Each structure stands twice: as structure tokens, then as C-alpha cells.
Visitor: 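Sending over a structure as C-alpha cells; questions will come in a sec.
As the structure is a computational prediction, the values presented were derived from the model and not from experiment. Whatever order the structure lists them in is the order used to number ligands and atoms, beginning at 1.
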Amino acid sequence: MRHPLPKAELHLHIEGTLEPELAFALAERNRIDLPYAGPDELRAAYAFTDLQSFLDLYYQLTAVLLTEQDFTDLADGYLARAAEQGVRHAEIFFDPQAHTGRGVDIGTVIRGLARSLESSRERFGVSTRLILSFLRDLPAEDALKTLADAGPYLDSIAAVGLDSAEVGHPPAKFAEVYAAARAAGLRLVAHAGEEGPPEYITEALDVLGVERIDHGIRCMEDPALVERLVAEQVPLTVCPFSNVRLRCVDTLADHPLPAMLEAGLLVTVNSDDPSYFGGYVEDNVQGLRASLGLSDDQLALLARNSFLASFVDDARRAELLAELDAATGAVRTASAS
Ligand code: ADE
Ligand code: ZN
């Protein structure tokens, strides 16, 4: 791997970092039978036709996550890989309802993740935030109950998000829970415009009041929306490998990211569910470079955008931007000599 630029990862589902080897190790530890002979057979099942076909497997494999230690091990595995890929700050989604629906207490999930994250800066050089994500294909009342159940742990949570099957579950369904999350002092993001129409992006901004849009690639179908997103500099957390694997985009060479940058959108590159989609965040960046010929300046802009769009405090942002400036200065010096 070329030396990766320092960057923030802002769109990462911790459950989507469950590598097949860890899934089998946890299955053994927890005496759970997986319906695959081993990691290779499981990997061979990663042939998705759309978002739902992926979600079916993603939820099935959460069965191996039962104890605090399981969640700690999962997050430790991600943070070690992320650090190798240049990630210096990570904002990490988790799906509590994927676990509480199987009888795992929300406290087990949050305590387990928080235990890994609280020493991540010292161990991996990666600062972190946790984003509690609601499953949009479940009733809004379930989301409200989830937020209430997370009450004792809100010190560990920076923001709420909205994920799972998008089409047919517009953002407005979650207006009440987003208002409650805002009142609780949480930041707000939502998946929109991945498989769903551009109108869902507008609704997430206007009805939920989100600060960032996760994916958002379908904004490109609506020039007036693009103009608004540019004017307001709304960050879009784009996930190229995910878009190709879930067939939202045909190939990496067809990805709209260069056009999005050209339009002036505040785009960031992220890995979404790296264990399932063929790579972590720097793999996505290098995939884009190889398929689309992104320049060094474009790669530096993407890294810079990731820090600008993150929820870090001003002091940490300044530190991260200075680190990026030093790294891009080094790239320039190396290519000039
Ligand atoms: N949950 C995990 N990955 C997701 C994605 N790409 N879209 C919606 N929900 C998700
Ligand atoms: Zn996602």
C-alpha cells in the first residue's frame, strides 16, 4: 500500500467489520452454529444483488455477538485495521436493535464498544465517536424505545443515525425520535439517497435536521438539490466499494464521485461495511485512484473534507488538519525531487 494520507472515517458500521475469521472464532467461543463450513465458504456468500440481500446476511451474522467482550474484540479488530489505513479519527455506527432484537441488552453492546473506543487514541492513534443508528424498517416506536434505553449511556454516544432498508422508509417516519435526540444534545446524521430517491435527502435535511448525509449519491439526479448541498456545504459520506457491491453503481469506473467533487460537493470517502465489500477506507481511496485517475490534490481534498465534516472539537480538528498538511507537503516534496 502507498503511504496512506491521514484521514477520518465517518461512515462505518461496526457490525460490517466482522471478518469471517472473527465470526467463526466468536461462534466457537459462544457455541453457535453458523450455516457455513468455514470462513472461505462464508466469503463466497458475499455476492449481493441489492441492499436487502446484503442486510439479510449482515443481520444473520450478528448472532455471534453476545457478550461485552465480543463487542470489544469486534471494535479492536476494526481500529487496528483502520490505523493501518491512515485513519486518525473514526465515527462509528452501531445498530442496537440488531442486538436487542436477539435478546442482547443494549448496555452489553454499548459498554463493550465503549471499552474498546476509550483507549483507542492511546493504542491505535485513532480518536473516536459512537453513532447510535436506528433501523428504519422497524416501527418509529421501536426507535423511540431504543433511544430511551440508551439513556444511561448517552455520555458514550455522540450522534444518532438512520440505516437499514431505505426504500419505503422515508426519513419523516423518524421525526419524533430525531427531535428527542436533538433535545438530548446528540448530533444528527441519516442514510439517504443510497437506494432511495433524492427526495429522501431533502426530507432528512428539512424534517430531521441532519448535519450530514450518509451516501447521498442519488443527489446527482437532482441539479437543484446539488446546488443546495453545495451552497450549504452539507457533508456526504460516500462509500464507493459499497455502492458497487450493492449495485447502486455498475463499476468503480462509473462512480459519480469525480462529478460530485467537480460540482463542489463536500464529499468524503468511507468503507461502510468493509468486511463485506472488499476493503477498508484506504482500499476505497486507492480503488478510486486506479479506476478513475484521481489526482494527489483530489485525494488530499477528500482527506481534508473528512476532517472538516467530522464531529471532533476545534483543537483536535486543527491538529488533524496540520497532520494532513504535513503529509501532503511531504508528498509534494517527494514528487518534485
Ligand atoms: N447497514 C449497514 N450498511 C448499510 C448500508 N449501506 N445501507 C443501509 N443500512 C446499512
Ligand atoms: Zn452505511
Visitor: Could you check whether Asp142 pairs with Arg136 (Lys NZ or Arg NE/NH1/NH2 to Asp/Glu carboxylate O, under 4.0 Å)?
Guide: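 A salt bridge is absent here (no side-chain N lies under 4.0 Å from a carboxylate O).
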Visitor: Between Ser116 and Tyr78, is there a side-chain heavy-atom distance shorter than 4.5 Å?
Guide: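 A side-chain contact under 4.5 Å is absent here.
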Visitor: Got a sec: is His215 within less than 2.8 Å of the Zn ion (ligand 2) via an N/O/S atom?
Guide: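 Here the distance criterion (N, O or S atom, under 2.8 Å) is not met by His215, so no.
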Visitor: Only one of Glu319, Glu91, Arg316 clears side chain to side chain contact (heavy atoms under 4.5 Å, CB included) with Ser127; which?
Guide: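 Checked Glu319, Glu91, Arg316 against Ser127; only one passes side chain to side chain contact (heavy atoms under 4.5 Å, CB included): Arg316.
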Visitor: Tell me the residues surrounding ligand 1, counting only those with a heavy atom closer than 4.0 angstrom, sorted by chain and number.
Guide: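 Residues near ligand 1: His13, Leu51, Phe54, Leu55, Tyr58, Asp163, Ser164, His191, Glu194, His215, Asp272, Asp273.
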Visitor: Between His13 and the Zn ion (ligand 2), is there a contact where an N/O/S atom of the residue lies under 2.8 Å from the metal?
Guide: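 Looking at His13, which is the residue asked about, there is an N, O or S atom under 2.8 Å from the Zn ion (ligand 2).
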Visitor: Can you confirm if the aromatic rings of Phe93 and His191 lie within a centre distance of less than 6.0 Å?
Guide: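 His191 vs Phe93: aromatic centres under 6.0 Å.
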Visitor: Could you pull out the closest heavy-atom pair between Pro240 and Leu288, with the gap in Å?
Guide: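 Distance-wise, the nearest heavy atoms are CG-CD1, 3.7 Å.
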Visitor: Charged N to carboxylate O under 4.0 angstrom, Arg111 versus Glu118?
Guide: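 Salt bridge between Arg111 and Glu118, a charged N being under 4.0 Å from a carboxylate O: no.
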Visitor: Just give me the atom name: the N, O or S atom of His11 closest to the Zn ion (ligand 2).
Guide: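 Within His11, restricted to N, O or S, the Zn ion (ligand 2) is closest to atom NE2.
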Visitor: I'd like to know: is the Zn ion (ligand 2) within the 2.8 Å range of an N/O/S atom from Asp272, strictly under that distance?
Guide: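 Looking at Asp272, which is the residue asked about, there is an N, O or S atom under 2.8 Å from the Zn ion (ligand 2).
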Visitor: Kindly say whether the aromatic ring centers of Tyr58 and Phe54 come within a distance under 6.0 Å.
Guide: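 Judged by ring-centre distance (under 6.0 Å), Tyr58 and Phe54 do meet the cut-off.
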Visitor: Does any part of the side chain of Ile217, heavy atoms only, come nearer than 4.5 Å to the side chain of Met260, both counted from C-beta?
Guide: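 They are in side-chain contact.
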